[in-house]
Amino acid sequence: MERIQKIVSQSGYCSRRKVEQLIKEGRVKVNGVAVTQMGTKANYSDNITIDGNSINVKEEKVYYIINKPRGIITSTSDDKNRKTVIDLIDEEKRIYPVGRLDYDTTGVLLLTNDGELTNLLIHPKNNIEKLYIAKIKGIPTKEELQKLSRGVVIDGHKTSKAKVKLLKINKPGNTSLVQLIIHEGKNHQVKKMFESIGYDVIKLRRDRFAFLDVDTLKPGEYRKLSIKEVKCLYSLVKKTTD
Ligand code: URA
């Protein structure tokens with residue numbers, strides 16, 4: 001919800017001050033009802049008219065990047081009333097995550113109210129790179145990791161080529177750290193990929209989404225993307241869709 005003055009002035013119809021005058025004169029209606037209170041708020045989806053003319057308003061687009069902490073769900077609401085990633089961001093506009101990270105996965109997550117960009121970024125055709133660091137139980141062989149990079153079958157579909165790098169081995173603890181770069185975003189993809197070669201993922205972190213990382217953000221911290229970053233994201237996806 002936003003003040004009517006703001007919504008109308010954003011549309012370019014007239015200034016905020018002028019809207020206030022029009023409200024006083026009873027010329028502004030929301031869904032057919034004349035506005036009488038100066039502080040009245042409306043939704044961008046409401047039908048706002050001035051002298052019977054519809055105001056075509058577009059909500060201002062906002063873009064955030066958060067370092068998602070563990071133990072937070074990514075969807076916009078939860079039937080079990082658990083905290084969602086949306087609750088962590090102080091933003092009145094209805095924003096939603098670009099794709100999903102599991103409850104126990106940490107790292108880079110984008111949130112926005114820009115549906116067009118969201119759809120472009122999550123479309124597999126657009127090949128957005130996602131870099132994950134997985135701590136797995138056991139120590140995989142070179143051959144097993146090669147299998148992952150060539151593609152494995154999960155849920156009846158073969159995953160596309162991935163870049164896989166063994167970063168660290170902890171022999172006494174029997175765990176390894178593996179870097180995985182993929183372009184798709186199937187449900188639980190990384191965990192299922194490792195499962196397919198016989199390994200359980202103990203911890204999972206997304207370190208990069210396209211060119212964006214959260215190196216300067218602690219878990220739970222977030223920031224707005226700069227205009228330059230948003231333009232860069234658009235140019236990445238437009239290049240491949242044009
Ligand atoms: N792959 C997974 O298995 N989980 C995530 O959260 C992201 C990618």
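Nothing fancy with the numbering, it's 1 onward along the sequence. We count ligands from 1, going down the list as the structure has it; atoms in each ligand are counted the same way.
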| query | Is any side-chain heavy atom of Tyr234 closer than 4.5 Å to a side-chain heavy atom of Glu116? | reply | yes
| Residue part near ligand 1, for Thr105, under 4.0 Å between non-hydrogen atoms | side chain
| If you draw a 6.0 Å radius around NZ in Lys93, do more than 12 non-hydrogen atoms from other residues or ligands fall strictly inside? | yes
| query | With a cut-off of 4.0 Å, which atoms of ligand 1 are near a heavy atom of Asp102? | reply | 2 (C), 3 (O), 4 (N), 5 (C), 6 (O)
| request: Could you see which bit of Val201 sits under 4.0 Å from ligand 1, with heavy atoms only: side chain, backbone, both or neither? | output: neither
| query | Between Val62 and Leu109, is there a shared hydrophobic cluster once you connect ILVMFWY residues whose side-chain heavy atoms come closer than 4.5 Å? | reply | yes
| note | So the atoms of ligand 1 within less than 4.0 Å of a heavy atom of Leu204 turn out to be 1 (N), 2 (C), 3 (O), 4 (N), 5 (C)
| query | ligand 1 and Arg100, any nitrogen or oxygen pair closer than 3.5 angstrom? | reply | no
| Protein contact to atom 1 (N) of ligand 1 [nearest heavy atom, distance to 0.1 Å] | Val190 N, 3.1 Å
| note | Near Tyr132 (heavy-atom distance under 4.0 Å), the atoms of ligand 1 are 7 (C), 8 (C)
| said: For Tyr103, does the six-membered ring have the charged nitrogen or CZ of Arg82 within the cation-pi criterion, i.e. under 6.0 angstrom from the centroid and within 45° of the normal? | reply: yes
| field | Ile65 and its side-chain contact (heavy atoms from CB on, under 4.5 Å) partner, picked from Val98, Leu212, Leu111, Thr112 | value | Leu212
| Main-chain N/O of Gly115 paired to Tyr96 side chain as donor or acceptor, under 3.5 Å | yes
| task | Would you mind listing which atoms of ligand 1 come within a distance below 4.0 Å of any non-hydrogen atom of His188? | result | 1 (N), 2 (C), 3 (O)
